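Here is the structure we will look at, set down as C-alpha cells.
Small disclaimer: the values here were computed from a predicted structure and weren't measured. Residue numbers begin at 1 in each chain, while the letters A, B, ... track the order of the sequences.
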2 protein chains.
Amino acid sequence: MPRRHNQKSAPSQVDVARAAGVSTQTVSRVISGQSNVRPETARRVLAAVEELGYRVHAAAASLASGRTRILGVIVVSTARYSTSAITVGIEAVATEEGYSVTTASVADHATRDSFFDAFDRLERQGAEGVILLAPFSFLDPGMDTRIERTPTVLMHRLTGGVGTESVVDQSAIARLATEHLLSLGHRTVWHVSGDDYWLESRVRRETWEQVLIEHGVTPPPVIPADWTPESGYRAGRTIAAIPDATAVFVASDEMAFGVIRALHEAGRTVPDDVSVVSVDDIALAAYAAPALTTVRQPFEAVGRAAASRIIDMIEEREPTPVEPIHPELIVRASTAPPA
Amino acid sequence: MPRRHNQKSAPSQVDVARAAGVSTQTVSRVISGQSNVRPETARRVLAAVEELGYRVHAAAASLASGRTRILGVIVVSTARYSTSAITVGIEAVATEEGYSVTTASVADHATRDSFFDAFDRLERQGAEGVILLAPFSFLDPGMDTRIERTPTVLMHRLTGGVGTESVVDQSAIARLATEHLLSLGHRTVWHVSGDDYWLESRVRRETWEQVLIEHGVTPPPVIPADWTPESGYRAGRTIAAIPDATAVFVASDEMAFGVIRALHEAGRTVPDDVSVVSVDDIALAAYAAPALTTVRQPFEAVGRAAASRIIDMIEEREPTPVEPIHPELIVRASTAPPA
DNA sequence: GCTAGGAATGTTTGCGTTCACATTATCGTG
DNA sequence: CACGATAATGTGAACGCAAACATTCCTAGC
C-alpha cells in the first residue's frame, strides 16, 4: 500500500497554530481571508504558514465545509480543436474564480452508459457542477436524476433543457453558411455533415435543410462524413462526381481540407467550379488553398460562458447575463458566385 | 453561502450500513472490493447501495486513507494539437487505473512563478503526482523542493532530471528531419523554429545545428517563429527572399502551412523549388498542398507513457519499462531532391 | 469606574471514511 | 465434541478542517 510520499506528513493547521501561538480556528480564518483578525495576528500566522510550508488540505476542508470548489468536465476523448479550445476558456474562468477543474473523458462514440459513468466519477470526486462537452441530450432518461443533484451545463443548443441552457447556437451557424452560398447565387447547396453521433452535426444538417426549404429548394441528399479530413476527402470525391454541384456546406474546416483536395484531384477548382464554406475557423483555415470561407465559432468565449454559468448555478447567484455569442461568417477565398 | 445542492444530503455509509444490517466497516469492505466478505452479505450491501444511490464521498475517503488517486496535469493554455492529443492518452490510462485527472493551466508565456502556483494548486487539491506538459526544466531552483514532495514527470527530454525521466526524444525528431533533407541532396537546410519559450523548440534548433555541423555545413541563421501558421507565413516570406534556399526544416506542421503559402505566393513551388519537412503529423498534414512530409510524434502514446510512469512512481512499483517511443518520418509530397 | 457592545480569539463538535484492532461466527480436526 | 484456526464482522479512533457557539478582550460612553 503506497502512502503519502512526503516522508514526514505535511504540516497541518495544528502545527501552524502552535507555531503562531493561536488556535487552529484563527489559522483557518487567516487562510480563508476572513476579516475579524488583527493584522498583527494575521502576520504571525502567515509567517508560520510560510515557514512550515503549510498548505490547506483540500479533502479535509471540503469534508468539513461541504464544499469542494471542483468543476467537472465531461469530454469525448478526441483531439478535436473545438474541444480543447473550449477547455481553455473553462479553465481560465475556473482558476479566476478559485475553482479547480477535473476531467472525465469518454471514448469517442461511447454509449449513454459511459456518460453516466463519467458523470458518476465526477460526482464521486465531489464536482459541484458539470459541464458536458459532449454529444448528449438532457432529455435522456438517466440524465434527469443526475442533473437534479448536480448543476449541469450543456454545450449545445437544446430546447427543453431542465432549467439549464446552452451557450452556442448551432443552428445559426448552419444558417449563416447556407445563406451565404445561396446569396452568392447558387441554385442549391450540398452538405457534408459531421458525425451524427454529435448533436451539433444533426442540428447543422436540419438547419441546412430548413434554410433550403425556406428558399424553395428541395435539399439534396446529405453526404455523411465524420469530422476527419479523410472522411471529407471521401465526401469530396462523391461531390466531384456530381456535375451540377456548385456549392457545398461542409460541417467543419478539417473536413473542408479533405473535400477541397478531392475536388482538385478531380479537376474541379475551388471556388471557380465549386464553392466551399465550412465551420470553426481553426488557425489553419486561412492557410488552406484556397483560404477557407468559414463560420467562426468563438470557442474560448463559449468555454468561458459555460464556466461562469455553471459557477453562477453553484453559488446560486443571479446568472451573469451571457452576452450572446454570435457565430461569424468569415469570407475568404473558397466561395464565389457560380460560374 | 451556497451549500450542497442535494437538498437532503447524500446517503452515507452509515445509511447503507443500517439498510443492509451491517456495520459501516463491512460496507467499506464491500465497496473497496475486499475479499473477506460473505457473498450473501456483499449482495445485501450492494443492494442497499443501489437502492439508496450511495456513492463514496471521495474527500472523506481520502482524508481517512491518505490517498486521493488524483493525477495533476499542468498545461499551457493553448489549443495546440500536441497538448490535447497527449491529454487524451493521459486521461485514458488514468481512468483505467482508477485515477482522476485534474488540470491546472497556465497562461502561454507564463513566468516560472505561474508554474509554481499551478503546481501548488495541484498539491493543495491532493494530486499524488504531476505531469508537466510544459516548457519547463527540472533544473529550475524552486522546482526541486516540489519534486521531492510530489512525483513529477516531464514531457521533454532532459538530462539531469532528479531521478525522473522524460518520454519523447525531441532531438531525434530534428535529426530525422534534417538528415532526410540532406540525404535528398540539399546543400544546406534552413530552419523555421518554434517559440523559444518551449523547450522542444530549443532542442530542435540545437539538434538541427549539430546535424548540419556533423555534415560539414555551417548552419544558416535560424528563422524564428512561434508555432502559429501566421508566424510560419512570415518566415516563409523570409525564405522566399533567399534565392539559394532549397530546403527548410519547419518545427511544426501548422507553421509549415504558412511557410508553403508564402513560398507559393512568391512563386517558389514546393517541393520543386523548395523542400519542406515539418513535425507532428497532425490530421491535416496529409491534406496540405502539397501533402506534408513530416516527423510524426505519437502523442497519445506519449501521454499514456507519462501517465503510467507517474502512476508507477506513486504506487512505488517497478516502473513498467516504457518501450521507446520513436518519432517516425512520414515522407509525402513536400520534399524532393533539389532541382 | 463601570457597563454595554462589538471585535478578536478560543473550544467543541462533526463531516464520511478507513485503519487497527477486537470480537464473533464457522469450519475442520483429532 | 471440544479446540484451535481462519473467515467474517464489528468497534473505536483518527484523518484535517470549518461551523457554531462560547469566551475574552478592547473600546467608548456615561
Exercise. Can B:Glu91 and A:Arg121 be counted as an ion pair, charged N to O under 4.0 angstrom?
Worked result: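 Not counted as a salt bridge, because no side-chain N and carboxylate O are separated by less than 4.0 Å.
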Problem set entry | Of all pairs that satisfy side-chain hydrogen bond (donor to acceptor under 3.5 Å, both in side chains), the ones with a partner from residues 36-56 of chain B, not counting sequence neighbours |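 Found A:Asp120-B:Arg55, A:Glu123-B:Arg55, B:Glu40-B:Arg43.
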Is a side-chain N or O of [X] found less than 3.5 angstrom from the main chain of [Y], in a donor-acceptor match?
X: A:Thr152; Y: A:Thr150; result: yes
X: B:Ser77; Y: B:Val106; result: yes
X: B:Thr68; Y: B:Ile70; result: yes
X: A:Gln125; Y: B:Ala58; result: no
X: A:Glu128; Y: A:Arg69; result: yes

Write down the protein N/O and nucleotide N/O pairs, taken from nucleotides 23-28 of chain D, whose separation is under 3.5 Å; answer none if there are no such pairs.
none

Listed pairs, N/O of protein and of nucleotides 22-27 of chain C, under 3.5 Å:
none

Take the protein atom [atom1] of [X] and the nucleotide atom [atom2] of [N], then report the distance between them rounded to whole Å.
X: B:Ile31; N: C:dC19; atom1: CD1; atom2: C1'; value: 17 Å
X: A:Arg67; N: D:dG16; atom1: CZ; atom2: P; value: 23 Å
X: A:Gln13; N: C:dT12; atom1: CD; atom2: P; value: 17 Å
X: A:Asn36; N: D:dC21; atom1: CG; atom2: P; value: 17 Å
X: A:Asp15; N: D:dC17; atom1: CG; atom2: C1'; value: 13 Å
X: B:Arg55; N: C:dT17; atom1: CZ; atom2: P; value: 12 Å

For this session: Apply salt bridge (Lys or Arg N to Asp or Glu O under 4.0 Å) to A:Arg29 and list each qualifying residue two or more places apart in sequence or on a separate chain.
Result: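 By the salt bridge (Lys or Arg N to Asp or Glu O under 4.0 Å) rule, A:Arg29 matches no residue at all.
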When you check the phosphate oxygens OP1 and OP2 of [N], does a side-chain N or O of [X] lie under 4.0 Å from one of them?
X: A:Thr41; N: C:dT9; result: yes
X: B:Thr24; N: D:dG10; result: no
X: A:Ser65; N: D:dC17; result: no

Problem set entry | Sequence-distant partners of A:Phe299, ring-ring contact (aromatic ring centres under 6.0 Å, His included), two or more places apart |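 Expected list: A:Tyr81.
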The side chain of [X] lies closest to which of these nucleotides: [options]?
X: A:Ser12; options: D:dT9, C:dT17, D:dC17; value: D:dC17
X: A:His57; options: D:dG16, D:dA18, C:dA8; value: D:dG16
X: B:Gln25; options: D:dT9, C:dT11, D:dT11; value: D:dT11
X: B:Ser23; options: D:dC17, D:dG10, D:dA19; value: D:dG10
X: A:Leu63; options: D:dT9, D:dA18, C:dG16; value: C:dG16
X: A:Ala64; options: C:dT9, D:dC15, D:dC17; value: D:dC17

For this session: Give one of base, sugar-phosphate or nothing for A:Val22, where a contact means two heavy atoms less than 4.0 Å apart.
Result: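 A:Val22: backbone/sugar contact only, no base atoms under 4.0 Å.
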Exercise. Do we see a donor-acceptor contact under 3.5 Å between the side chains of A:Ser114 and A:Thr111?
Worked result: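 Side chains of A:Ser114 and A:Thr111: pair found under 3.5 Å.
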Exercise. Does the side chain of B:Leu133 come within less than 4.5 Å of B:Ile86's, by heavy atoms?
Worked result: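 Of all side-chain heavy-atom pairs linking B:Leu133 with B:Ile86, at least one is under 4.5 Å.
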Exercise. Within the modelled atom types, does a donor on one side and an acceptor on the other bring the side chain of B:Glu40 and the base of D:dA8 under 3.5 Å apart?
Worked result: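 Answer is no: no donor-acceptor pair is held.
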Problem set entry | Considering all heavy atoms, the nearest B:Ser308-B:Val93 contact |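 Scanning both residues completely, I find the closest heavy atoms to be N-CG1, 3.9 Å.
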For this session: Five pairs at each end of the helix from C:dG1-D:dC30 to C:dG30-D:dC1: take the axis at both ends and give me the angle between them to 10°.
Result: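 Comparing the first five pairs with the last five, the axes sit 40° apart.
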